[in-house]
Novice: 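Sharing a structure below in structure tokens format, with a few things to ask.
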Amino acid sequence: MTDEALRSRSAREVFEDHLRLAGEHRFAEDLARNVSPSCVVLERRGVFRGHEGVRELARWLEDELPGARYVYTNRMVEGRMAFLEWTARIEGVRVCDGADSFLIEQGWIVAQTIHYTLEPVDGEADRPAGP
């Protein structure tokens, strides 16, 4: 897909492409196709800017939930805004309250908020993610 075609995608197309590539563990491609080089992300640990900030957050998430399977429980898109609710679980820890919001303009995710709480659990990693 040409850069012109990528930049003319709707917010829904960018959001779905982002989720698809994330699900396929294609982080570098997702970053290049969907995340603005000047993206701003608000997360409990602070404000993160640009691709390097997104990379840092992705490293932390992988450290906290290595190899986790994410379940998207709710997806919404309206205009330039998108919202995602998610859960995840690995042995010993789960997330039941994952919630991300996105501002998407000109084919780019230009801003994002991320929220999730790591909860210790008693080692049943094969149970479905969720409460």
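As a basis for the values below, the full set of heavy atoms in this structure was taken, side chains included, without hydrogen atoms, waters or symmetry mates.
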Novice: Hey, could you give me the SG/NE2 distance between C39 and H51, rounded to the nearest 0.5 Å?
Specialist: 7.5 Å
Novice: Quick check: closest heavy atoms across G67 and E62, and the distance to 0.1 Å?
Specialist: N-OE2, 3.1 Å
Novice: If you compare all heavy atoms of G23 against all heavy atoms of Y72, which two are closest, and at what distance to 0.1 Å?
Specialist: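 Closest approach of G23 to Y72: N-OH, 4.5 Å.
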Novice: Do R55 and L31 make a side-chain contact, defined as non-hydrogen atoms from C-beta onward lying under 4.5 Å apart?
Specialist: yes
Novice: Measure the spacing between CG of D97 and OG1 of T87 and express it to the nearest 0.5 Å.
Specialist: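 These two atoms lie 10.0 Å from each other.
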Novice: With a 4.0 Å cut-off on N to O distance, would you call E64 and R44 a salt bridge?
Specialist: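 Answer for the salt bridge query: yes.
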Novice: State yes or no: do W108 and L19 share one hydrophobic cluster built from I, L, V, M, F, W and Y residues joined by side-chain heavy-atom distances below 4.5 Å, directly or via other members?
Specialist: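 No, separate clusters.
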Novice: So, do S101 and T113 sit near enough that their side-chain heavy atoms are less than 4.5 Å apart?
Specialist: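 Touching, per the 4.5 Å side-chain cut-off.
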Novice: Grouping I, L, V, M, F, W and Y whenever their side-chain heavy atoms are under 4.5 Å apart, do F27 and V35 come out in a common cluster?
Specialist: yes
Novice: Quick check: are there more than 12 heavy atoms from other residues, nucleotides or ligands sitting under 6.0 Å from CD of E24?
Specialist: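 Above 12, so yes.
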Novice: Side chains of D100 and W86: do they bring a donor and an acceptor to under 3.5 Å?
Specialist: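 Yes.
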Novice: Does I109 belong to the same Ile/Leu/Val/Met/Phe/Trp/Tyr cluster as Y116, with side-chain heavy atoms less than 4.5 Å apart forming each link?
Specialist: yes
Novice: Just by modelled atom types, is the G50 backbone N or O under 3.5 Å from a matching donor or acceptor in the S38 side chain?
Specialist: no
Novice: I104 and A82: which non-hydrogen atoms are nearest, and at how many Å?
Specialist: CD1-CB, 4.2 Å
Novice: Among H18, E16, R20, R9, find the residue that satisfies the side chain to side chain donor-acceptor pair (under 3.5 Å) test when tested with N34.
Specialist: R9
Novice: Rounded to the nearest 0.5 Å, how far apart are CD of E13 and CG of L6?
Specialist: 10.0 Å
Novice: What I'd like to find out is whether the side chain of L42 reaches to under 4.5 Å of the side chain of Q112, using heavy atoms alone.
Specialist: no
Novice: Hey, could you give me the CE/CZ distance between M81 and F15, rounded to the nearest 0.5 Å?
Specialist: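 Spacing of CE (M81) from CZ (F15) equals 10.5 Å.
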Novice: Below 4.0 angstrom, N of the basic side chain to O of the carboxylate: do R7 and D3 qualify?
Specialist: yes
Novice: Any side-chain heavy-atom pair from N74 and L84 closer than 4.5 angstrom?
Specialist: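 No, side chains not in contact.
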Novice: Tell me whether the centres of the aromatic rings in W60 and F48 are closer together than 6.0 Å.
Specialist: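 Yes; F48 has its ring centre under 6.0 Å from that of W60.
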Novice: Answer yes or no: is there a side-chain heavy-atom contact under 4.5 Å between V110 and S36?
Specialist: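 Yes. Closest side-chain heavy atoms under 4.5 Å.
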Novice: Hydrophobic cluster membership, with links at side-chain heavy-atom distances under 4.5 Å among I/L/V/M/F/W/Y: are V14 and I114 in one?
Specialist: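 Same cluster.
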Novice: First locate atom CG of L21, then atom CZ of R33, and finally report the distance between them rounded to the nearest 0.5 Å.
Specialist: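 The CG atom of L21 sits 6.0 Å away from the CZ atom of R33.
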Novice: Nearest 0.5 Å please: distance from the CD atom of E119 over to the OG1 atom of T117.
Specialist: 6.5 Å
Novice: Evaluate salt bridge (Lys or Arg N to Asp or Glu O under 4.0 Å) for E52 paired with R59, printing each intermediate quantity in order.
Specialist: CA-CA 11 Å; E52 190 50 45; R59 282 191 298 271; 3.2 Å; yes
Novice: According to a 4.5 Å side-chain heavy-atom criterion applied to Ile, Leu, Val, Met, Phe, Trp and Tyr, with indirect links allowed, do V41 and L61 form part of one hydrophobic cluster?
Specialist: yes
Novice: Got more than 12 heavy atoms from elsewhere within 6.0 Å of CD, E105?
Specialist: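 Buried by this count: over 12 neighbours within 6.0 Å.
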Novice: Are F83 and F102 near enough that their ring centres are under 6.0 Å apart?
Specialist: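 No, the ring centres sit 6.0 Å or more apart.
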Novice: Which atom pair, heavy atoms only, marks the closest approach of M1 to A5?
Specialist: CG-CB, 3.4 Å
Novice: Which atom pair, heavy atoms only, marks the closest approach of I90 to L65?
Specialist: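 So the minimum-distance heavy-atom pair works out to CD1-CA, 3.8 Å.
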